[in-house]
Amino acid sequence: MSLLLPVSTIWWREVVRFFRQRSRLFSAIAQPLVFWILIGSGLSASFQPAGTSEKQGYIEYFYPGIVVLVLLFTAIFATISVVNDRREGFLQGILVSPVPRWCIVFGQALGGTTLALIQGILLLIIAPLIGIKFGLTSLITTLGVMFLIAFGLTNLGLMIAWRMESTQGFHAVMNLILIPIWLLSGAFFPITGVPDWLGWVMKINPLTYGLDAFRQSLYSNTIPTDTELPLWTLSILITSVFCVLTFLGATFTVYSQTN
Amino acid sequence: MENRITVENLSHAYGSRRALDNVSFTVTCGEILCFLGPNGSGKTTLFKILSTLIPPISGSVNILGYDLYTEKKAIRKLLGVVFQDPGLDPKLKVYENLKHQCHLYGYKGKDLNYRISELLEKFDIKDRTNDLVEELSGGLQRRVEIAKAMIHSPKVLLLDEPSSGLDIAIRRQLSDYLNLLATTENILILITSHLIDEAEMSGKVGILDYGKLVSLGTPTELKSQIVGDVVLIETSNTDVLSGAIADRFSVSSTIINDNLHVACEQGHEFVREVLTAFPDDIENVRIGKPTLEDVFVKLTGNPFE
């Protein structure tokens, strides 16, 4: 049996459901957007990010971080439904079918990734308004990097969701792990100039590299790289490894939770 | 391919709590077996094991010749499963739910369309094909769910509490349909239920209590374990009257739904005697044939609730 069919049908269900619940579309994008405008404007007067050029104000510095936050939020919303789904017959019906577990994870992960990308692209449209100009090549690489980040984050969400008995538990993990991962990824402030211990925390945070790769692609590698961070290609490599590891982690979680 | 499910000495436990205790039975294609038991009797655990959702702790399960421990994948292709919790996506249309199921089992194109239209026709839901599932009534949803479980022509159909939330008329309809399915398509159907009337409508009934399979047979066979009639007495003070009847007539009575049930060979004679003995304590008396509830109480000594 072709495994493409079950993967694509699980992916398709996630996407269709999303478009039939319009409120979800706005909730994932509105909050980060408000966040960006309020905090970005508030801090831009007093805060020039270390290691960035004078031209780039805080509101522009903060922008890639907000796009990644939208990816994170969508990944969370997409995977949180698994917690409820698991208790209901629909997902149980998939579990008793002959479809291998990894196909279920792959379909769900691709579904969440697609939703995150759709929201991310909506936000990307604003980029030229704040002075970020990109050509076709940088648009393609940017989308590629966004795909990797979204795929990794969705798998991370699945790893958590498949273990949780309740959505409250998921919220706790979200506040304790997922939001700090974002805060300490260079989205909010650059790694340059932070105390050593914090620098180390940021350096072992995989999302730091995803965000760096995203920032560099957005500017077609024309902005100075954070001196503390590796080259663009290495950032991409680390992000790809993160994707593979989280996918394996999510698959392992599903196997161990359902066998 | 064998045509039966054989379960031998099946046990399962959650921590120290035993959910299934040495359950053994055999059931053949074309039969409907209903596991009847109150909440906590182990029927959902049995259902989950047979549907490959949880592995058994000990014992053997063979489904149409395949071993549950080692040949799970082959078994999954043979199973159609209807869960107690809604198994349809309410945000998808009827057709989309069925299409999704087809894809999981590898059907596409012409084959997919043929299967779906055949089932829509058979289950009389063709006119609702393009409605969202959330717009359907409970009875209709249940029908779509069974259609969904039947999409790959399974040899075994497992249904967990299929009639919960359905009224009696729809329950009867469902049961008629399942009987038809079992005989015409030679499918083996296993049902779990906590409803006496649903069990009465099944070909065979297995009574589960605290994880033990207490008895198994046709409803008539099971009820023949109670000889004679069951006298049902309505009273405002069941405990006192139960004791008094036991002292006076040396028969034991059980309390079901606040009524006293007394099994006796000659119902009409007992009614006369008991009315003469306790004229003031009895509000109403009925004589009836034993139900599966009486059998359950007699076999387990526990109330059915």
Side-chain angles (χ1 to χ4, degrees), chain A residues 1-25 77-78 80-108 110-112 115 162 165-167 254-259, chain B residues 44 47-55 69 71-93 96-109 111-112 132-134 141-142 144-146 148-149 151-152 154 156-162:
Chain A
M1 183 172 82
S2 159
L3 294 174
L4 202 66
L5 205 55
V7 171
S8 64
T9 206
I10 293 168
W11 164 82
W12 168 86
R13 179 207 172 211
E14 298 284 334
V15 177
V16 170
R17 272 175 69 86
F18 177 77
F19 281 105
R20 294 202 180 142
Q21 295 165 282
R22 297 262 157 73
S23 59
R24 276 177 68 187
L25 211 149
F77 285 132
I80 210 162
S81 61
V82 170
V83 182
N84 291 325
D85 245 15
R86 262 179 70 203
R87 276 198 302 264
E88 286 178 8
F90 195 87
L91 196 51
Q92 289 178 338
I94 300 178
L95 289 174
V96 299
S97 76
V99 177
R101 300 290 189 251
W102 70 264
C103 287
I104 301 174
V105 177
F106 198 46
Q108 286 180 333
L110 283 182
L115 307 186
W162 274 91
E165 294 298 325
S166 67
T167 47
V254 176
Y255 270 100
S256 63
Q257 294 288 318
T258 59
N259 274 321
Chain B
T44 297
F47 173 85
K48 283 189 172 163
I49 290 174
L50 292 175
S51 63
T52 75
L53 274 182
I54 53 172
Y69 290 93
E71 293 162 300
K72 225 185 250 176
K73 201 171 172 192
I75 289 177
R76 282 181 177 148
K77 287 183 187 163
L78 302 171
L79 294 184
V81 188
V82 179
F83 293 93
Q84 186 181 348
D85 312 305
L88 303 171
D89 190 326
K91 293 282 169 206
L92 296 187
K93 294 171 184 170
E96 291 169 337
N97 266 288
L98 297 176
K99 188 177 83 177
H100 187 275
Q101 186 77 355
C102 271
H103 285 163
L104 292 180
Y105 287 83
Y107 300 114
K108 55 182 176 182
D111 207 7
L112 175 146
L132 287 179
V133 165
E134 63 186 358
Q141 287 190 10
R142 202 38 67 103
V144 179
E145 260 184 71
I146 299 174
K148 183 185 153 195
I151 209 110
H152 58 292
V156 176
L157 192 57
L158 303 174
L159 303 103
D160 193 15
E161 307 265 357

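Predicted model, so just to flag it, every value in this text is computed and none were measured. A, B, ... follow the sequence lines: proteins, then strands. Residue 1 opens every chain.
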With rounding to the nearest 0.5 Å, note down the distance linking [atom1] in [X] to [atom2] in [Y].
X: Ile10(A); Y: Leu104(B); atom1: CD1; atom2: CG; result: 6.0 Å
X: Leu91(A); Y: Asp89(B); atom1: CG; atom2: CG; result: 11.0 Å
X: Gln92(A); Y: Lys48(B); atom1: CD; atom2: NZ; result: 6.0 Å

Most contacts with chain A, counted as non-hydrogen pairs under 4.5 angstrom, among [options]:
options: Lys73(B), Lys99(B), His100(B); answer: His100(B)
options: Leu53(B), Ile54(B), Val81(B); answer: Leu53(B)
options: Lys77(B), His152(B), Glu96(B), Lys108(B); answer: Glu96(B)

Chain B contact via [X] - side chain, backbone, both or neither, heavy atoms under 4.5 Å:
X: Ile94(A); value: both
X: Ser97(A); value: both
X: Val16(A); value: side chain

Test salt bridge (charged side-chain N to carboxylate O under 4.0 Å, His left out) applied to Glu14(A) - qualifying residues, sequence neighbours left out: none
Counterpart residues, salt bridge (charged side-chain N to carboxylate O under 4.0 Å, His left out), relative to Lys91(B) (two or more places apart): Glu134(B)
Minimal non-hydrogen separation, Tyr105(B) against Pro98(A), with atom names: CE2-CD, 3.3 Å
Arg20(A)/Leu92(B) under side chain to side chain contact (heavy atoms under 4.5 Å, CB included): CA gap, chis, key distance, verdict: CA-CA 9 Å; Arg20(A) 294 202 180 142; Leu92(B) 296 187; 4.1 Å; yes
4.5 Å side-chain heavy-atom contact, Pro86(B) and Phe90(A): no
Chain A contact via Leu132(B) - side chain, backbone, both or neither, heavy atoms under 4.5 Å: side chain
Proximity breakdown for Asp160(B) and chain A, heavy-atom pairs closer than 4.5 Å: neither
